[in-house]
Amino acid sequence: MTYRVGYPTTRPLKGELEITGSKSQSNRILILQKLFDQKMEIENLSNSDDTKYLLDALETKSDTIDIGHAGTAMRFLTSYFALKATKPVVITGSKRMKSRPISILVDALNSVGADIEYLEKKGYPPLLIRGVSTLEDKICLQANVSSQYISSLMLIGGCLPDGLEIKLEGKITSLPYIELTRDCLQVFGIKSTFDQNQIKIYPFDRTTTKKMIIESDWSSASYHFSLLALSKDPQSQVCLSSYFPKSPQGDSALKKIYNDLGVESTHNAPNKLILSRIKGFKVVRKNFQWNLSHTPDLAQTIAVTCFGMGVGCDLYGLHTLKIKETDRLEALKTELTKLGARIGITKDSLHLDPRLHSIKSEVKINTYDDHRMAMSFAPLGLLVPIQINHPGVVSKSYPQYWQHLKDLNFHIQSNK
């Protein structure tokens, strides 16, 4: 299926949208709730495919669990079942999931007493996990590949009698996600410290929290920041809920980044985020530079926004993008080039030259089974009609995305 996306440019961009909770926060809270058998009321839980896969895995009695494309679920469940599986469990996933490395996490767990085997290619899913009663309380692993490995271990640390000390080797990737995990641990009364590449998780005591409100997903909000940046109408304004002025999510860095691209973001009670065009804004720079090592999920959105605005950008700290749902750097280069961009990539950076000519219209954008490819390119429909192949991939993180575009008066035509 293909969606043709366009927008009536004679109207301002207007709407009030409810985006569901952060899948990163939701998945952490669900793992902790199950680990410690807490009857907590959770509001604004993510409705993403990733969270649904995780919920199903935590409730199933099957000894084979297929988590599809859900990388977070694969990593969090590996540590969870290493301690909690009462019978041998196989965790598998999509073809792409079987090519995403997990050896850093598995080898670290096995080094402290876990019983995990690779069933096909060494270092990759599927995994056979036999639960053990406990693990040693000191663990060491590389920190420069994926913060999800670290968070996976942090989540189970409170289950161990003496807690868990995690020594990190190398430069830490996506630091805000580690802090988000600490924030979720605190909800359950689990203390932690983080000092000089060493994390200490203390044993679980008890939690007095009976109700948890999960903040809406900032990664999902990024596409609406892009829409406002690309909108030519000064009256354009979008209201999003529920977003906190002080957010635990690293992707809230959007506010500062997009302020440089003409988008003003203000908070209004109760937890409303108002996006609007900065009055009289004019692009005065032809090239922007950002280090996204702590917020790599924003790279696709920012690159497409800059292309649509006709400005260049140099994005750094992107080494994790090559092991996501697709090789996102290669995918960005391919699809932006089709639209007329001049772009170069390295193993960890992207370099977009200022656009000197018009954007090609009616280009078919391939999504590579990657939700962020579909959602980051769609805002270009403000400028020219474009076509998005396999638009259903958005359900991985933001199932209502296309409906929300329709609510903003986008014209979306389905071609099967």
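Excluded from the calculations below are hydrogen atoms, water molecules and symmetry mates; all remaining heavy atoms, backbone and side chain alike, are included.
Closest approach of Leu164 and Gly157 over heavy atoms only: CB-CA, 3.8 Å. Annotation for Tyr401 and Met375: closest pair OH-O, 2.8 Å, computed over non-hydrogen atoms. The minimum heavy-atom distance linking Trp402 with Pro391 is given by the pair NE1-O, 2.9 Å.
Side-chain contact between His390 and Asp369 is absent, with no heavy atoms from C-beta onward closer than 4.5 Å. By the 4.5 Å heavy-atom criterion applied to side chains, Pro125 and Thr92 are not counted as neighbours. Put simply, the side chain of Leu32 does not reach to within 4.5 Å of the side chain of Tyr80, judged on heavy atoms. Proximity of Tyr368 to Glu335: side-chain heavy atoms (C-beta onward) are separated by under 4.5 Å at one or more points. Using a 4.5 Å heavy-atom threshold, the side chains of Leu175 and Phe194 count as touching.
To the nearest 0.5 Å, atoms CG (Leu180) and OG (Ser151) are separated by 7.5 Å. To the nearest 0.5 angstrom, Phe377 atom CZ is 10.5 Å from Ser226 atom OG. Atom CG of Asp37 and atom CZ of Phe204 lie 9.5 Å apart (nearest 0.5 Å). Separating the CD1 atom in Ile365 from the OG1 atom in Thr2 is a distance of 11.0 Å, to the nearest 0.5 Å. Atom CD1 of Ile102 sits about 8.0 Å away from atom CD1 of Ile116, to the nearest 0.5 Å. If you take OG on Ser376 and CD1 on Ile302, they are separated by 11.0 Å, rounding to the nearest 0.5 Å.
Side-chain atoms of Tyr53 never come within 3.5 Å of backbone atoms of Ala73 as a donor-acceptor pair (strictly under, hydrogens ignored).
Ring-plane geometry between Tyr258 and Phe225 is classed as tilted, the angle between the planes lying from 30 to 60 degrees on a 0 to 90 degree scale.
With respect to Gln387, the side chain to side chain donor-acceptor pair (under 3.5 Å) criterion is satisfied by exactly one of Arg4, Glu362, Lys364: Glu362. A side chain to side chain donor-acceptor pair (under 3.5 Å) with Asn44 is found for exactly one of Ser26, Ser242, Ser216, namely Ser216.
More than 12 heavy atoms of other residues, nucleotides or ligands shown are found within 6.0 angstrom of NZ on Lys272. With a 6.0 Å radius and a threshold of 12 heavy atoms from other residues, nucleotides or ligands, Lys338 has its NZ atom above the threshold. Within 6.0 Å of the NZ atom in Lys121, the count of heavy atoms belonging to other residues, nucleotides or ligands does not exceed 12. Taking a 6.0 Å sphere around CD of Gln198, one finds it holds more than 12 heavy atoms contributed by other residues, nucleotides or ligands.
Between Asp327 and Lys322, at least one side-chain nitrogen of the basic residue sits less than 4.0 Å from a carboxylate oxygen of the acidic one, meeting the salt-bridge criterion.
Aromatic pair His404/Tyr398: ring centres closer than 6.0 Å.
For Lys360, the salt bridge (charged side-chain N to carboxylate O under 4.0 Å, His left out) test picks out no residue, with sequence neighbours left out.
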Apply ring-ring contact (aromatic ring centres under 6.0 Å, His included) to Tyr316 and His351, showing your working.
CA-CA 9 Å; Tyr316 299 96; His351 307 276; 5.5 Å; yes
Could you walk me through whether Arg277 and Ser236 pass side-chain hydrogen bond (donor to acceptor under 3.5 Å, both in side chains), step by step?
CA-CA 7 Å; Arg277 298 276 302 170; Ser236 291; over 6 Å; no
Any chance you could lay out the salt bridge (Lys or Arg N to Asp or Glu O under 4.0 Å) test for Arg328 and Asp370, step after step, and finish with the verdict?
CA-CA 8 Å; Arg328 286 177 171 169; Asp370 184 350; 2.7 Å; yes
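Because its NZ or CZ atom is both nearer than 6.0 Å to the ring centre of Tyr202 and within 45° of the ring axis, Lys200 counts as a cation-pi partner of that residue.
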Show me, pair by pair, the donor-acceptor contacts under 3.5 angstrom made by side chains of residues 54-68, not counting sequence neighbours?
{"unit_1": "Thr60", "atom_1": "OG1", "unit_2": "Ser62", "atom_2": "N", "d": "3.0"}
{"unit_1": "Ser62", "atom_1": "OG", "unit_2": "Thr64", "atom_2": "N", "d": "3.1"}
{"unit_1": "Ser62", "atom_1": "OG", "unit_2": "Thr64", "atom_2": "O", "d": "3.1"}
{"unit_1": "Asp66", "atom_1": "OD1", "unit_2": "Gly68", "atom_2": "N", "d": "2.9"}

